[in-house]
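Below: the structure, in structure tokens.
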Amino acid sequence: MSKSVAILGGGVAGIAAAVALSEAGFHIELIEKRPLLGGRASSFVDHETGERLDECQHGTMRCCTNLDDLLTRLGVADQIDYHDAIHFLDSDGKHSVIANCPLPAPMHTAVSFVRFRSLGLRDKIGIGHAMMAMLRSKPDPKYDALSMADWFAQMGQTEQAVKRFWRPILVSACNEELERIACRHGFKIFRDGFLKNARAFHFGIPRVPLGTLYTEPTLAFLQQRGGCVHLKTTISAIHFGDNRIAGLTLSNGETVTADYYLSGLQCDVLLKMLSPEIIANTPYWQNLGNIELVPICGVHLWFDRAIDCPPALAVLDRTTEWIFNKTVTWNLPPECGTYLSIVVSASRQLAHRPKEEIVAEILAEVRVCVPSAQSANVVRSQVIRYPKATISPKPGVEAYRPDQRSPIPNFFVAGEWTQTGWPSTMEGAARSGYRAAEYILQDEGKPKSLVVPDLPPSRLAAFLDGHRGQ
């Protein structure tokens with residue numbers, strides 16, 4: 001008889017663990033409180049139209065090898081469109097592009113970088129120097145304690161370079177301000193995403209809502225292998241006995257028991273579900289209370305006519321950080337008008353502002369950035385604030401991020417907030433799910449490597465690096 005695993009939470013981490021363990025022959029019961037899977041990288045059902053809308057636009061990159069592997073296992077990797085050019089627009093109206101050229105990494109974007117109109121010569125020289133320092137940096141505990149803002153100051157980066165290059169990329173990738181991003185995480189984004197492999201920075205945008213990307217494919221995958229998914233179901237209690245989890249009580253009164261239990265919940269949610277007796281005198285659990293969570297905000301605007309806007313536009317010098325043209329990426333019919341999704345990362349400044357004010361500010365910025373929107377009327381709008389979107393990758397946080405094996409023998413944890421080697425991203429979530437699954441397989445005497453290696457560095461990048469990467 002196959003062993004069973006009960007998985008708490010149907011986000012990317014929980015899905016990754018469920019898929020890997022189901023393939024390995026385990027019986028899976030996946031429990032998710034929402035009607036859609038994907039967790040914080042998911043969608044909600046618009047009560048006005050019945051449509052699935054992303055709470056906030058999420059993208060991926062070619063360097064996200066484990067997320068790509070998960071989507072491939074689910075049969076939906078072809079639902080991601082990858083773009084080999086990233087478009088930027090500054091407050092002076094200058095448009096720039098970071099794109100590939102025939103040179104090997106890390107020189108593969110050199111031609112477009114030289115032409116980057118929002119930066120001056122001194123800015124570019126300083127950035128190039130800092131990038132080489134990142135590429136050649138060796139793993140060192142000091143990078144867990146030093147912020148990117150302080151490191152840029154030490155490296156003599158110009159104000160313009162920080163404002164128009166480093167900040168837009170890192171704040172978008174880490175959902176945090178530079179003063180609160182540890183060098184360990186900032187270096188990881190640039191080394192793996194922009195410096196080691198020429199394809200790594202290619203930006204992937206889903207063709208379908210995130211809820212659709214994960215929900216039906218995961219349901220079909222698990223059901224075909226005898227698994228069970230409980231949607232719109234919460235966990236009322238976790239029962240313990242002999243220092244092990246003995247079972248779960250669901251909101252519908254049902255009891256679930258399994259050989260193993262795996263949490264894919266956010267750290268603060270998991271902590272609330274554990275009794276004080278379990279947490280007491282156990283640093284593994286107590287440390288979760290030291291992990292800070294950061295908000296993100298998505299603004300959705302529907303216009304009454306076609307608007308000329310690229311699929312994705314990075315906006316510099318404004319509150320708006322990214323504008324995504326969902327009409328293009330979702331291949332919606334022209335008669336639908338235009339649907340734009342705007343992202344504001346690390347959106348603490350919007351937390352308590354009225355939604356009408358946020359819409360007015362973002363709409364004004366969109367109309368400046370996208371001139372064809374000036375004559376278009378807004379049919380409707382939505383503001384979605386996610387107060388606990390990701391963990392803060394601030395200096396010192398690594399000491400609090402736990403391993404996927406918990407002190408409870410039959411209980412494992414997954415989530416982008418655990419130890420993954422990555423910042424708080426969907427790639428980190430997928431890796432965590434695979435790592436937790438590896439531990440369960442190991443305990444069953446069936447060790448197997450599930451985590452997919454990073455993209456290989458070019459020969460030039462490996463030569464310039466001179467040592468193994470972080």
Side-chain angles (χ1 to χ4, degrees), residues 8-9 11-14 39-41 139-151 170-171 173-189 235 238 240 243 245 261-296 345-349 351 385-409 411-433 435-436 439 470:
L8 293 65
V12 173
R40 283 158 289 150
D140 192 315
K142 70 181 181 183
Y143 294 131
D144 284 334
L146 184 66
S147 76
M148 289 304 304
D150 288 340
W151 189 78
L170 286 174
V171 172
C174 296
N175 192 37
E176 188 55 287
E177 295 296 339
L178 299 181
E179 295 79 12
R180 298 171 60 82
I181 300 175
C183 287
R184 174 192 181 102
H185 300 296
F187 288 7
K188 180 71 174 177
I189 293 298
I235 298 165
I238 302 176
F240 293 88
N243 193 36
I245 294 186
Y261 299 83
L262 189 153
S263 170
L265 303 173
Q266 181 59 291
C267 53
D268 62 322
V269 176
L270 175 58
L271 199 58
K272 290 176 182 177
M273 297 190 70
L274 300 175
S275 67
E277 293 76 21
I278 294 294
I279 299 170
N281 302 316
T282 308
Y284 182 96
W285 300 119
Q286 292 172 339
N287 283 340
L288 303 192
N290 296 317
I291 297 176
E292 184 179 339
L293 299 171
V294 187
I296 197 167
S345 301
S347 57
R348 294 180 181 89
Q349 77 277 19
R385 286 181 279 209
Y386 214 122
K388 299 178 179 180
T390 63
I391 70 168
S392 174
K394 63 183 182 180
V397 73
E398 286 303 302
Y400 305 127
R401 296 174 78 180
D403 184 61
Q404 287 75 30
R405 184 187 288 281
S406 88
I408 301 170
F411 189 35
F412 301 83
V413 296
E416 31 68 42
W417 50 273
T418 62
Q419 287 284 352
T420 66
W422 274 69
S424 185
T425 60
M426 290 192 294
E427 169 67 9
R431 285 177 180 247
S432 75
R435 285 186 174 183
Y439 277 133
Q470 284 178 278

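Contact detail for Ala182 and Asp144: the closest heavy-atom pair is CB-O, 3.8 Å. Closest approach of Tyr284 and Asp403 over heavy atoms only: OH-O, 2.6 Å. Here the closest non-hydrogen pair linking Leu178 and Ser147 is O-CB, 3.8 Å. Across every non-hydrogen atom of Cys267 and Leu288, the tightest pair is O-CD1, 4.3 Å. In terms of heavy atoms, Pro423 sits closest to Ile189 at CG-CD1, 3.9 Å. Listed here is the closest heavy atom pair of Val12 and Ala41: CG2-CB, 4.4 Å.
Using a distance-only test at 3.5 Å, with no hydrogens or angles considered, a donor-acceptor pair links the side chain of Arg401 to the main chain of Glu416. Judged by distance alone, with hydrogens and angles left aside, the side-chain atoms of Gln404 form no donor-acceptor pair with the main-chain N or O of Gly415 at under 3.5 Å. Listed for the Arg180 side chain is no donor-acceptor partner under 3.5 Å among the backbone atoms of Lys394. For the pair Ser347 (side chain) and Ser345 (backbone), a donor-acceptor distance under 3.5 Å is absent.
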With side chain to side chain contact (heavy atoms under 4.5 Å, CB included) as the test, would you mind laying out the steps for Arg40 and Lys388 before giving the verdict? CA-CA 9 Å; Arg40 283 158 289 150; Lys388 299 178 179 180; over 6 Å; no
List the steps and the verdict of side chain to side chain contact (heavy atoms under 4.5 Å, CB included) for Ile238 and Tyr261. CA-CA 10 Å; Ile238 302 176; Tyr261 299 83; over 6 Å; no
Is there a side chain to side chain contact (heavy atoms under 4.5 Å, CB included) between Thr418 and Arg435? Walk through the geometry before answering. CA-CA 10 Å; Thr418 62; Arg435 285 186 174 183; over 6 Å; no
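Taking the charged nitrogens against the carboxylate oxygens, Arg348 and Glu292 do have a contact shorter than 4.0 Å, which makes a salt bridge.
Atoms OH and CG, on Tyr400 and Asn287 in that order, are 7.0 Å from each other to the nearest 0.5 Å. Rounded to the nearest 0.5 angstrom, Trp417 CH2 and Ile391 CD1 are separated by 9.5 Å. Of the inter-residue distances, the one linking Arg405 atom CZ with Gln419 atom CD reads 15.0 Å to the nearest 0.5 angstrom. The distance from atom CD1 of Ile278 to atom CH2 of Trp285, rounded to the nearest 0.5 Å, is 8.5 Å. Once rounded to the nearest 0.5 Å, the distance linking SG of Cys183 with CG of Asp150 reads 8.0 Å. The distance from the CZ atom of Phe187 to the CD1 atom of Ile181 is 12.0 Å, given to the nearest 0.5 Å.
A heavy-atom distance below 4.5 Å is not found between the side chains of Thr390 and Ile296.
Between Tyr439 and Phe412, the ring planes lie parallel to each other; the angle is under 30°, not in the 30° to 60° tilted range.
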